[in-house]
Amino acid sequence: MSQREVIWDSINYLIDDMPGDKYEQLVELIRSLDSLKATFTVIAGKWDDQERNCKYCEDFDTLAQAIEAYDKVSGYPWAFIEYQGRVLELWDKGAHPLR
């Protein structure tokens with residue numbers, strides 16, 4: 001679970017049953033969330049009985065870092081980079097969609 005997901009889970013927990021003293025904790029969590037950089041998540045794995053078995057999942061601050069990690073795990077049957085809920089499509093080095 002990414003740091004961003006942990007923070008949002010904590011916020012949702014506090015909102016569900018929020019006594020007055022929890023308000024300050026909620027404000028701090030929201031400030032923490034706002035201070036996070038954009039996160040690129042690299043996820044890779046294999047298939048086990050037609051179900052995804054995630055073997056690698058890590059967050060990165062930059063796309064360059066995520067691509068470097070993706071290149072290392074791209075040998076798995078499935079691998080992708082996710083950014084803000086979208087999956088980025090990567091082409092092999094040297095391949096160009098318009099050539």
Side-chain angles (χ1 to χ4, degrees):
M1 184 178 283
S2 73
Q3 185 178 9
R4 186 177 290 272
E5 290 171 320
V6 169
I7 292 171
W8 275 116
D9 283 350
S10 298
I11 288 170
N12 288 327
Y13 171 77
L14 291 172
I15 288 173
D16 285 343
D17 189 26
M18 186 188 296
D21 62 335
K22 297 288 184 182
Y23 181 77
E24 290 301 319
Q25 291 177 5
L26 179 61
V27 169
E28 283 302 312
L29 286 170
I30 291 171
R31 287 185 183 138
S32 296
L33 184 63
D34 287 342
S35 70
L36 292 177
K37 296 179 181 177
T39 301
F40 296 89
T41 305
V42 178
I43 305 168
K46 61 180 187 168
W47 296 102
D48 282 340
D49 297 324
Q50 298 180 352
E51 291 186 19
R52 287 183 186 250
N53 181 348
C54 183
K55 295 294 186 181
Y56 180 87
C57 181
E58 191 166 343
D59 294 336
F60 298 92
D61 293 331
T62 67
L63 180 57
Q65 292 169 329
I67 290 173
E68 183 178 342
Y70 173 86
D71 286 343
K72 292 177 182 175
V73 298
S74 62
Y76 279 105
W78 56 268
F80 58 90
I81 297 175
E82 186 177 84
Y83 175 71
Q84 295 184 346
R86 295 179 178 217
V87 174
L88 305 181
E89 184 175 349
L90 298 179
W91 293 74
D92 289 333
K93 286 184 178 180
H96 191 285
L98 302 178
R99 291 185 198 152

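The figures that follow rest on heavy atoms only: side chains count, while hydrogens, waters and symmetry mates do not.
Taking both residues in full, the closest heavy atoms of A66 and V42 are given as O-CG2, 3.4 Å, listed atom of the first, atom of the second, then distance. Summarising the geometry of A44 relative to A79, their closest heavy-atom pair is CB-CB, 3.7 Å, with the distance given to 0.1 Å.
Looking at residues two or more places apart in sequence or on another chain, you find a side-chain contact (heavy atoms from CB on, under 4.5 Å) between W78 and I43, W47, R52, C54, F80.
With values rounded to the nearest 0.5 angstrom, Q84 atom CD is found 10.5 Å from T41 atom OG1. A distance of 12.0 Å separates OH in Y70 from CG in L63, rounded to the nearest 0.5 Å. Distance CG/D48 to CG/N53: 4.5 Å, rounded to 0.5 Å. If you take CD on E68 and CZ on F60, they are separated by 8.0 Å, rounding to the nearest 0.5 Å. Note that the CG atom of D59 and the CD atom of Q65 stand 11.0 Å from one another [nearest 0.5 Å].
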Evaluation steps, ring pair (Phe, Tyr, Trp, His ring centres under 6.0 Å), between F40 and Y83:
CA-CA 5 Å; F40 296 89; Y83 175 71; 4.5 Å; yes
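Contact annotation: the side chain of V87 never approaches that of I81 to less than 4.5 Å [non-hydrogen atoms, C-beta and beyond]. Put simply, the side chain of Y76 reaches to within 4.5 Å of the side chain of K55, judged on heavy atoms.
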